[in-house]
Amino acid sequence: MLDIKFVRSNPEIVKKSLEKRNNDPAVVDDFLKVDEERRQKIMVAEELKSKRNKVSEEIGNLKKSGQNADELVLEMRSVSQEIKALDEEVRQVNEKLDSIILGIPNVPHETVPTGKDDTDNRVEEHWGTPREFSFSPKPHWDLGEDLDILDFERATKVTGTRFVFYKSWGARLERALINFMLDLHTTEHGYKEIIPPFMVNRDSMTGTGQLPKFAEDMFHLSNVDYFLIPTAEVPVTNIYRDEIIPEGNLPLYHVAYSPCFRAEAGAYGRDTRGLIRMHQFNKVELVKFVHPENSYEELEKLRKNAEKVLQLLEIPYRVVTLSTGDLGFSSAKTYDLEVWLPYFETYREISSCSNFEDFQARRANIRFRPQGKGKPEFVHTLNGSGLAIGRTTAAILENYQEEDGSITIPKVLRPYMGGLERIEKE
RNA sequence: GGAGAGAUGACCGAGUGGUUGAAGGUGCACGCCUGGAAAGCGUGUGUAGGGGUAACUCUACCGAGGGUUCGAAUCCCUCUCUCUCCGCCA
C-alpha cells in the first residue's frame, strides 16, 4: 500500500500514476474525501475522550474525599455512549479508507516506459542466439511424452487439468534444476537458503498484496483459513512481518525453493498444453530486504543473478522492462526475463524481477531502525524468480532437442544428473 | 484430540478498578569519570494516529476482539498463540 500521508499530500502524482496504469484516477478523489471525513471524526471523538479522562479523574478524587459525584457520573455515562457511537463511525470510515488505499497500485518508477499493455514493454537486451534447426522442432510436451518423462494424461486422471507427473529422467531433471539453482545462488550470489511453509495464513497473503484483490487466483483450504502459496515470495517476505530489522543486517538475501499453486482463474483458453501454465509448479525464488537508498542497484543485481542461470544453461533469452500497462500491482519496476522457446518461436516469461520499494514493507510492516536513534523506516523489498523450474524444463527440452527426439543435457546440469549427457528413449 | 498453565515495553519482570505509558532490573544511547577501557555516577530511551509553522499537545495501545463501569493492564465473555503432561503420528 501507499503511504496515506503521501497520497494526501501528492494526489496529482498518484492520479498520474493511475492514468499510466490505465486505472481510473477518480479513486484519489474518493480517498481525499474519506480521509478528510476520517480526520474530522477522529478529532471529535478524541476531544470527548479527553474530556472523559479528565472528568473521570475528578470523580475519583471526589469519591476519595467522600463527596458526591452522581451528577458527573450521569453526565459521563452519556458521554461514553456518544464516544461509543463515534468510535463505531471512525471504524467504518477507517475500513472504507483502507479498502481504497489497498486498491491503489504502486507508483511506477520514472524509468518505467508508459504503455497500454505488454506490447509496450521495452526490450533491454538479448543474450544468445536462437539455434537453427535442420528439422522442425517439437513442442516440449510431445518430447516429454515420447520420452515418457512427462505424463499429463495420468495427472489429469489423478488430479485434474494443469497438473503433471514428472517421471524418470524428467523428475531427475526437475530436481537437478532445483539443486543447481539453489547451489548457484547460495554459493555464488550470497543468498541464504530457506525452505518455507507451503501454506500461509490470511495475514501473510495480505502482507504481500495477494489479498484482498487477488483471492480468486489462489487455492484456499476448506477446513482451515490457509492458502496454498502462489510463490515462495509470500512466506519468505512475511518472515519479517511486524519486525524491526537491525540496520546492520541489511541487505538480507534469501533464496527459497517451493512448489507454487495457482488457480489460474481466467486463463482457460491460454497455454492449455505443456508445462507453461500449471496449477502446481516448482520455482526457486530470490527475495531481498534492502536499504531504501540502494534498492535500484539491488534490482540490477537481482536481475543479473537470475540471468546467470540461463547463461550457464546456455539458453537464449531477452530482458524486457514491463511498461506501466503491464506492471504488477505492487511493483514499482519489473524486469521480465523471457526465454526462447523454439516450437513457439517466441520468448516466454521465465523470471520476473521486481522492486516493490516500500509498498509491500508498509503493508507487511517490515522496518529497520536507521543509525542511532531515528524512527523506524520501511525497508525496500525485491524479489525475482531464479527461475521458474517448470518453464526451464520446457525450455531445455525444446532448445536441446535432437532430431531423434532425444535431449542433450546442458553441461552444468550433468553433475546433477549422475553424469548423464543425453535423455533418450528407453 | 484430552487435561492443565500462561501471554505486560528491545529483553527479564512487578502490578487485581482511579496521575500506571506502565515500578524494578537488563540492554541501548549520550554525558561525566579514565591515558584508553571496564566499573561507577548522571541523563535519556516504545509504537501508531489526530491537532499545531513550531515548542508542544491530545488520543489509542499491557496477545486479539467484545462486554461491565464515570473510569480497566487489572473484573466478565469469545478467540488466537505459547508451554507442560497424555493420546496419535512422519
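Per chain, numbering begins at 1; letters A, B, ... match sequence-line order.
Taking atom P in both G24(B) and G15(B), one finds a spacing of 15 Å when rounded to whole Å. Taking atom P in both G40(B) and G4(B), the straight-line distance is 47 Å, to the nearest Å. Comparing U19(B) with C77(B), their P atoms sit 25 Å apart, to the nearest whole Å. Comparing G46(B) with C62(B), their C1' atoms sit 12 Å apart, to the nearest whole Å. Spacing between A73(B) and A64(B) at atom C1', rounded to whole Å, works out to 15 Å. Between U59(B) and G52(B), the distance separating the two C1' atoms is 15 Å to the nearest Å. Only the C1' atoms considered, A60(B) is 16 Å distant from G71(B), to the nearest whole Å. Remark: the separation of the P atoms in A48(B) and C11(B) is 16 Å, to the nearest Å.
The phosphate of U69(B) (OP1 or OP2) has no side-chain N or O of R77(A) nearer than 4.0 angstrom. OP1 or OP2 of G50(B) has at least one side-chain nitrogen or oxygen of R8(A) nearer than 4.0 Å. For G49(B), neither phosphate oxygen OP1 nor OP2 lies less than 4.0 angstrom from any side-chain nitrogen or oxygen of R38(A). A sub-4.0 Å separation between OP1 or OP2 of G71(B) and a side-chain N or O of S80(A) is present.
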Task: Secondary structure string for RNA chain B (Watson-Crick or G-U under 3.5 angstrom, | for other-strand pairs) - done: ((((((((.[[[..)..(.....]]]((((((.......))))))((((((....)))))).[[[[[..)....]]]]])))))))....
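Rounded to an integer number of Å, the gap from CE of M43(A) to P of G52(B) is 7 Å. Atom CG in D242(A) sits about 12 Å away from atom P in A10(B), given to the nearest Å. When rounded to the nearest whole Å, the span between NZ of K5(A) and P of A48(B) equals 8 Å. Going from atom CG of D35(A) over to atom C1' of G49(B) covers 12 Å, rounded to whole Å. The separation between E57(A) atom CD and A72(B) atom C1' is 15 Å, rounded to whole Å. Between E82(A) atom CD and C70(B) atom C1' the separation is 14 Å, expressed in whole Å. Protein atom CD1 of I59(A) is 19 Å distant from nucleotide atom P of G17(B), rounded to whole Å. Remark: P of G50(B) and CD1 of I83(A) are 19 Å apart, rounded to the nearest angstrom.
None of D118(A), D271(A), D336(A) except one satisfies the salt bridge (Lys or Arg N to Asp or Glu O under 4.0 Å) rule with R348(A); the exception is D271(A).
Considering every non-hydrogen atom in both L184(A) and V309(A), the closest pair reads CD2-CG2, 3.6 Å.
Note: D326(A) CG to D120(A) CG = 9.0 Å, rounded to the nearest 0.5 Å.
Listed by chain and residue number, Y296(A) satisfy the side chain to side chain donor-acceptor pair (under 3.5 Å) test with E357(A) (two or more places apart in sequence, or in another chain). Applying the side chain to side chain donor-acceptor pair (under 3.5 Å) rule to D183(A) yields the partners Y416(A); only residues at least two apart in sequence or on another chain are considered. Residues meeting the ring pair (Phe, Tyr, Trp, His ring centres under 6.0 Å) test with F261(A), sequence neighbours left out: none. Residues meeting the ring pair (Phe, Tyr, Trp, His ring centres under 6.0 Å) test with Y335(A), sequence neighbours left out: none. Residues satisfying the side chain to side chain contact (heavy atoms under 4.5 Å, CB included) test with P230(A), not counting sequence neighbours, are M205(A), Q210(A), M218(A), V234(A), R262(A). In this view, Y226(A) satisfies the ring pair (Phe, Tyr, Trp, His ring centres under 6.0 Å) rule with no residue, not counting sequence neighbours. Applying the ring pair (Phe, Tyr, Trp, His ring centres under 6.0 Å) criterion to H380(A), with sequence neighbours excluded, gives no partner residue.
Contact check of residues 61-75 of chain A against RNA chain B (heavy atom, cut-off under 4.0 Å) returns K63(A), V73(A). Residues from residues 90-99 of chain A placing a heavy atom under 4.0 Å of any atom in RNA chain B do not occur.
If you check G67(B), A48(B), G50(B) against the side chain of R367(A), the one that comes closest is A48(B).
Remark: aromatic rings of H279(A) and F219(A) are close, center separation under 6.0 Å. Residues F289(A) and Y240(A) place their aromatic rings such that the two centres sit under 6.0 Å apart. Between Y343(A) and H140(A), the ring centre distance reaches or exceeds 6.0 Å.
When heavy atoms are screened at a 4.0 angstrom cut-off, R362(A) is found touching no nucleic acid atom at all.
In this structure a side-chain-to-backbone donor-acceptor pair under 3.5 Å is missing from S295(A) to H291(A).
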- [ ] Going 5' to 3' through nucleotides 53-64 of chain B, assign each nucleotide B (protein heavy atom under 4.0 Å from a base atom), S (under 4.0 Å only from sugar-phosphate atoms) or - (no protein heavy atom that close).
- [x] -----BBS----
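Atom CD of E88(A) has more than 12 neighbouring heavy atoms from other residues, nucleotides or ligands inside a 6.0 Å radius.
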Throw together a table of side-chain donor-acceptor distances under 3.5 angstrom for residues 51-58 of chain A, partners on residues two or more places apart or in other chains.
residue: R52(A); atom: NH1; partner: S80(A); partner atom: OG; Å: 3.4
residue: K54(A); atom: NZ; partner: S50(A); partner atom: OG; Å: 3.3
residue: S56(A); atom: OG; partner: R52(A); partner atom: O; Å: 2.9

